[in-house]
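These figures come from a predicted structure and were not determined experimentally. Each chain gets a letter, A, B and so on, in the order the sequences are listed, and its residues count up from 1.
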4 protein chains.
Amino acid sequence: MRKPTKPADKSAQNARPASVARGEVPASNRATRAQERRAAIVDAAMEEFIARGFAATRLDDIAKRAGVAKGTIYLHFKDKESMFEELVRIVIVPVVARLTALPPPTGSVRDLIEAFAGNFLKEVIGTRRGDLVRLIVAEGPRFPAVADFYYREVVSRGIAAMRALIELGIARGEIREKDLARYPQILVAPAMIAVIWQSLFARHAPLDAQEMLRVHLDLIFGERRTT
Amino acid sequence: MRKPTKPADKSAQNARPASVARGEVPASNRATRAQERRAAIVDAAMEEFIARGFAATRLDDIAKRAGVAKGTIYLHFKDKESMFEELVRIVIVPVVARLTALPPPTGSVRDLIEAFAGNFLKEVIGTRRGDLVRLIVAEGPRFPAVADFYYREVVSRGIAAMRALIELGIARGEIREKDLARYPQILVAPAMIAVIWQSLFARHAPLDAQEMLRVHLDLIFGERRTT
Amino acid sequence: MRKPTKPADKSAQNARPASVARGEVPASNRATRAQERRAAIVDAAMEEFIARGFAATRLDDIAKRAGVAKGTIYLHFKDKESMFEELVRIVIVPVVARLTALPPPTGSVRDLIEAFAGNFLKEVIGTRRGDLVRLIVAEGPRFPAVADFYYREVVSRGIAAMRALIELGIARGEIREKDLARYPQILVAPAMIAVIWQSLFARHAPLDAQEMLRVHLDLIFGERRTT
Amino acid sequence: MRKPTKPADKSAQNARPASVARGEVPASNRATRAQERRAAIVDAAMEEFIARGFAATRLDDIAKRAGVAKGTIYLHFKDKESMFEELVRIVIVPVVARLTALPPPTGSVRDLIEAFAGNFLKEVIGTRRGDLVRLIVAEGPRFPAVADFYYREVVSRGIAAMRALIELGIARGEIREKDLARYPQILVAPAMIAVIWQSLFARHAPLDAQEMLRVHLDLIFGERRTT
DNA sequence: AATGAATGAGGTTTCATTCAT
DNA sequence: AATGAATGAAACCTCATTCAT
């Protein structure tokens, strides 16, 4: 009844890797290839969701971009919604993991926070990960699971970490404004604004996020640092 | 997609009827009813777009909520996209108008900014208008016309106004951090964060936006004010 | 975004009926036309479901046969399943209505039952309605709602009516086998078999259902009637 | 669709291995295991087809239930359609074989028929095999090959056998109604109805099939037997 | 001006079938 | 012989848009 399915010519992908010719154990067994495909789908979905938002993204496009057939997506994800939800987890978890493996707090609090801001600048602002943050802001209300996850894993931890640093800064006399510990959001607000700005207004008015964050820290630490 | 904004030709229909020009008391005549319908559609569309985002909103639902037939929407708007784009204009223009009709700057700069923050708290944070901001953040990348408009009418003006205030504050010695004038975004960042927080995380951790903004101003103006 | 929809040329259907030309009140207003379409869908769905069964029937084919667009079906029915369930109701209800409006029981019980059998022969066996019975047998287990409805509206009533007739026949001495009243199914079994036979085996071995039912009645009423 | 039945070429694979022909005790060798798998597939498919009908049955589910991989099914059957068609054969053939190996007709015709009915009650009504009959009624119109086969192997033989018994009964004076021999369907109709009833209406109104068949025989043989 | 029935392109999802391993 | 990941045609269903009334 149904027509048979002719797999597209993927001979390039199926070619044995050179390692095999060399007699090594081939790293590319079936399970590994499946993982690669899954990763390709995740990447492609990420791009598409960021570019179009959840509802306007077509699974067809994700499949095409990932180089797999539409049906293949359903071998890895239950449906579009849970793909989106898992996606956020998949992308965010390793980032959180890296950040929680923080370097030991040596030096001044300002140094610490600057290191943090530097990381954030390099790894988030103006990158795909920054776009993901905007995506979460955009879709959060319709995906409570995503908002929950993001709050639990990123926001609440981030706030707690910032609060600890602020309290340390206050204790050491680096920070004067004692109430800041009650609203660590103030500390990160300019960074978040930078993320959003780059997505929306960069071409209207480019923003030097690094310099802005420096000024913000000057404001908090009450003095200018010579860089 | 990505087409430039076409001003709706239908706006000609919005011209006041001759009876109004002649100073007569307009009864509930046809033109008035049309205006009422248009307003109902705008309100309904606003609610739906905020609740579901652009792509997931159904014209059917807008029509139902507005109490009109689906076809009626097309008497007022060319299509869904331009409805969305016009909508943002329609809702934002009066807000901007009110804000630009600012009271004469009397008193300290901090007083001015606090008055401003108070307004923002009451009129934006946690309200439908706050949700609209989040909607623009969400849909901006897919609606350059909307992002453009919002940048031009709201962001650039807001930034300019803030900068003027900051410079005044610096000149008067109220603000010490001179570089702040280069990044007025820092001044508004916590307010924006408050808007987003209320949409996404209010139920996880309620945020006292008013108090946070006060602390932020303390940070900038370098002293605690007795309220 | 979406392309506009060009209605297929249905000019023949849209032509005003002759009654309008004659100045009569046009019977074909919008609501009426909707009802006609609904009826066309019901007929078409009936044909397709009977020909292919529930799962193998395509809504596309129903739409094509009914001369409407696919979407139109969804103006009348929630989905394929409820269409099927409603369909059975829609087709069966008038049949039951007609049968319950029975002629007054005059004459012998055998006459009554023969009249009944004659009706059944003409109206059910070898007709679309007979096919519907087979369809219910086929899909019943997967559509409990259908089986329930059919049992409630047709089977239990039919059994009750037959039992009453049998008891009358026993009381009048027309029927000897007293236990028959406990199993009216025996009375209708050959008629049901005829229905199924016509669907499945008619081309292998045609069955003279009328004659078979006559023999069956002879068996029950214990004598041959001269026809 | 509607293509004639193609005998599966794969049946060649079913030939007993040479070892068996040589009289050796076949260990759990490859051919045997293949036969076991095939049997498992047949059983599983039977269950699924009965539970869901042909179109709604998924090969995935059959494979899962049979404990084999999906691809394995295709080592035994050409495709889903021919699997279904073969299935009916595979299940029905042994039943027919047993029935045609009837005990020599000793005793009264009524005794014979009662023995028959007893068997039918035990082996068919309310069992998986009864469900198979309903399945054939359900899918017959779409699987002419199945209907043909069923008519040829079961129905026509059954009718012939019943006719022979009826004629014997008439000759011996046990059956009065001579025309019954022309419609042996009447004899089996209640049994068929019982099969269908158990599938569809058992939970609405349980039917004592055994008693019903007894009453039916009383009707035919014109007297009550003390059991 | 207003209606809402009708349309059909286009989206998501399923699943029979294939084939490299 | 057996596997099961991958395929993609085809199904169901939605909904922006049109247009006769």
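Between the OH atom of B/Y74 and the P atom of F/dC15 there is a distance of 13 Å, rounded to whole Å. Here the C1' atom of nucleotide E/dA5 and the CD atom of C/Q35 are 12 Å apart, to the nearest Å. Between the CZ atom of C/R33 and the C1' atom of E/dT3 there is a distance of 15 Å, given to the nearest Å. Rounded to an integer number of Å, the gap from CG of D/D60 to P of F/dT7 is 16 Å. The distance between atom CD of A/E48 and atom P of E/dT12, rounded to the nearest whole Å, is 11 Å. As rounded to whole Å, 14 Å separates atom P of F/dT7 from atom NZ of A/K64. Rounded to an integer number of Å, the gap from A/D79 CG to E/dG11 C1' is 14 Å. E/dT12 atom P lies 4 Å from atom CG of A/L59, rounded to whole Å.
Of the side-chain N and O atoms in C/H76, none sit less than 4.0 angstrom from OP1 or OP2 of E/dA5. Between E/dA6 and C/R37, a contact under 4.0 Å exists linking OP1 or OP2 to a side-chain N or O.
In this structure D/D43 satisfies the salt bridge (charged side-chain N to carboxylate O under 4.0 Å, His left out) test with no other residue, sequence neighbours excluded.
Closest to the side chain of C/L75, from the set E/dA5, F/dT3, F/dT7, is E/dA5. With F/dT3, E/dT18, E/dT7 as the choices, the nucleotide that has an atom nearest any side-chain atom of C/V68 turns out to be E/dT7. Nearest nucleotide to the B/T72 side chain, out of E/dG8, E/dT3, F/dA5: E/dT3. Of the candidates F/dT3, F/dG8, E/dT18, the closest approach to any side-chain atom of D/A69 belongs to F/dT3. The side chain of D/R58 lies closest to E/dA16 when the candidates are E/dT7, E/dT13, E/dA16.
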For DNA chain E, what is the dot-bracket line, given that a base pair needs Watson-Crick (N1 to N3, plus N6-O4 or O6-N4) or G-U wobble (N1-O2 and O6-N3) geometry with both distances under 3.5 Å, and | means paired with another strand? .||||||||||||||||||||
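B/A56 and A/A55 make their closest contact through N-CB, 4.1 Å (heavy atoms, listed as atom of the first residue, atom of the second, distance).
Heavy-atom nearest nucleotides on DNA chain F were determined for C/G71 and for D/A34, and the one closer to the 5' end corresponds to D/A34. Between D/T57 and A/F54, the residue anchored nearer the 5' end of DNA chain E, judged by the nucleotide with its closest heavy atom, is A/F54. Of the two residues contacting DNA chain F, namely B/K80 and A/I73, the nearest-nucleotide position lying further toward the 5' end is that of A/I73.
Taking CD1 of A/I50 as the start and CD of A/E47 as the end, the distance is 6.5 Å to the nearest 0.5 Å. Atoms CZ and NZ, on A/R58 and A/K70 in that order, are 11.0 Å from each other to the nearest 0.5 Å. Taking CE of B/M83 as the start and CD of B/E81 as the end, the distance is 11.0 Å to the nearest 0.5 Å.
A donor-acceptor pair under 3.5 Å links the side-chain atoms of B/E139 to the main chain of B/F54, judged by distance alone. Proximity of a side-chain donor or acceptor of C/E86 to a complementary backbone N or O of C/F77 within less than 3.5 Å is not detected. Checked by atom type and distance alone, the side chain of B/K80 pairs as donor or acceptor with a backbone atom of B/T57 at under 3.5 Å.
A/K70 comes within contact range of at least one nucleobase, with a heavy-atom separation under 4.0 Å.
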